[in-house]
Amino acid sequence: MKVLGIETSCDETSAAIIDVTETKGITLLSNVISSSMQLHSQTGGIIPEIAAREQIKYILPVIQEAIRKAQITISDIDTIAITYGPGLIGSLLVGVETAKTLSVVWNKPLFPVNHLLGHIYANWINPTVISSEQSESRDPKTVNSVRNDIIFPAVGLVVSGGHTDLVLIENYNKLQWIAGTRDDAAGEAFDKIGRLLNLPYPAGPQIEQLAKKGNPKAFRLPRPLLHDESLDFSFSGLKTAVLRETQKIKTLDDQTVADLAFATQDAIIDVLVTKTLKAVEQYSAKSLLLGGGVAANTTLTEKFKYILNTKYQILNTKLFVPTKSLCTDNAAMIAAASIFTSQETSWKDVSADPELYFD
Ligand code: KG4
Ligand code: ZN
């Protein structure tokens, strides 16, 4: 069966088609993403009104393009999955109202999806195999059994511009929130520090590149809550620490920016890896699933791999990271999550919920 996913919770407008079969699980047929990022890059953050206006322009062409790229027709679509929260209200409304309208006009069942769960279920997508034949399936148990390398219990880390959350995944459809950030999200810390360093928004990818040229010994930033009993995170103090460093410096030359980029990334990664592996150990997790824009950071994923293979080798925990385009916001992960976590809901009962959290 084929699912049309739609995602408009932040600045992206995305539509995707996945094919779900008994033998191959979830196969990506198309994943179209249009971003208004360029319009926000010089303002240091997203301007919600501009994001929503762009989404109104792009939503229908993006859906058309996803259907065209998947080489299917509207009649091949079995269900529609839509992000209904959390996110920016204006942006969510564009996607939710479009999905509701299409569900009525095309007479297709509608599945509302929590964006945060989408980041976790991106790990169930097989992005490389393109299938055509196969027996159709929407039975989550069958779909999960294809992805039989994800062993439970698993720990999930959602690490994005808006969220830094640890979840315990006891089974393919049983998730429980265990800890999160007390203030800024990890991606938000990258972006806010980027602004102090005069880098365009979103700063995460730039900081990752600049850090490669940074001197590891030039600056040492604090690791908030690193040795705290809880599994919670805190990143707002890092921004203040970088601000203090920049105030001490006369001119922010390229090398100093690279040095501060290294120190920022090093501190964020240290905290993310330490706390997450503490959770893995505490819950004897057999799999660790990453998701969200910051999981696109190769230095982070390499550090996870390295520590799991050395200090934590005894735990025998396997790491799963979606491909980069499935880490940052996309509609394919929403379509995938609808298979596991969502109920068919009448369009009359679906509404945008900007404050939605883990259930
Ligand atoms: O998941 P996402 O696309 O949107 C949200 O749901 O927030 O994540 C966007 C965040 C931004 O804060 C961006 O700076 C960060 O992910 N990001 C990165 C990298 N790529 C994106 N952070 C660090 N390193 C990266 N390579
Ligand atoms: Zn996201």
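Each ligand, and each atom within it, is numbered from 1 in the order the structure gives.
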* **Thr73-Asp76 side chain donor-acceptor pair, cut-off 3.5 Å** => yes
* To do: Please report which non-hydrogen protein atom sits nearest to atom 9 (C) of ligand 1, along with the residue it belongs to and the distance in Å to one decimal place.
  => Gly161 N, 3.8 Å
* Which N, O or S atom of Asp329 lies nearest to the Zn ion (ligand 2), by name -> OD1
* Asked: Can a salt bridge be assigned to the pair Lys278 and Glu281 using a cut-off of 4.0 Å between side-chain N and carboxylate O?
  -> no
* Asked: At under 4.0 Å between heavy atoms, which part of His119 makes contact with ligand 1: side chain, backbone, both or neither?
  -> side chain
* To do: Assign the ring pair Trp177 / Tyr357 to parallel, tilted or perpendicular, where the plane angle (0 to 90°) is split at 30° and 60°.
  => tilted
* To do: Indicate yes or no: does Asp266 engage Arg223 in a salt bridge with an N to O separation below 4.0 Å.
  => yes
* To do: Look only at interatomic distance and state if Glu12 has a nitrogen or oxygen under 3.5 Å from any nitrogen or oxygen of ligand 1.
  => no
* To do: Would you mind listing which atoms of ligand 1 come within a distance below 4.0 Å of any non-hydrogen atom of Gly187?
  => 12 (O)
* Structure fact -> Ranked by distance from atom 26 (N) of ligand 1, the top protein heavy atom is Glu208 OE1, 2.8 Å
* Under 3.5 Å: donor-acceptor pair, side chain of Thr299, backbone of Asn297 -> no
* In terms of ring plane angle, is the pair His115 and His119 parallel, tilted or perpendicular, where the classes change at 30° and 60°? -> perpendicular
* Asked: How far is atom 4 (O) of ligand 1 from its nearest protein heavy atom, and which residue and atom name does that atom have?
  -> Asp329 OD2, 3.1 Å
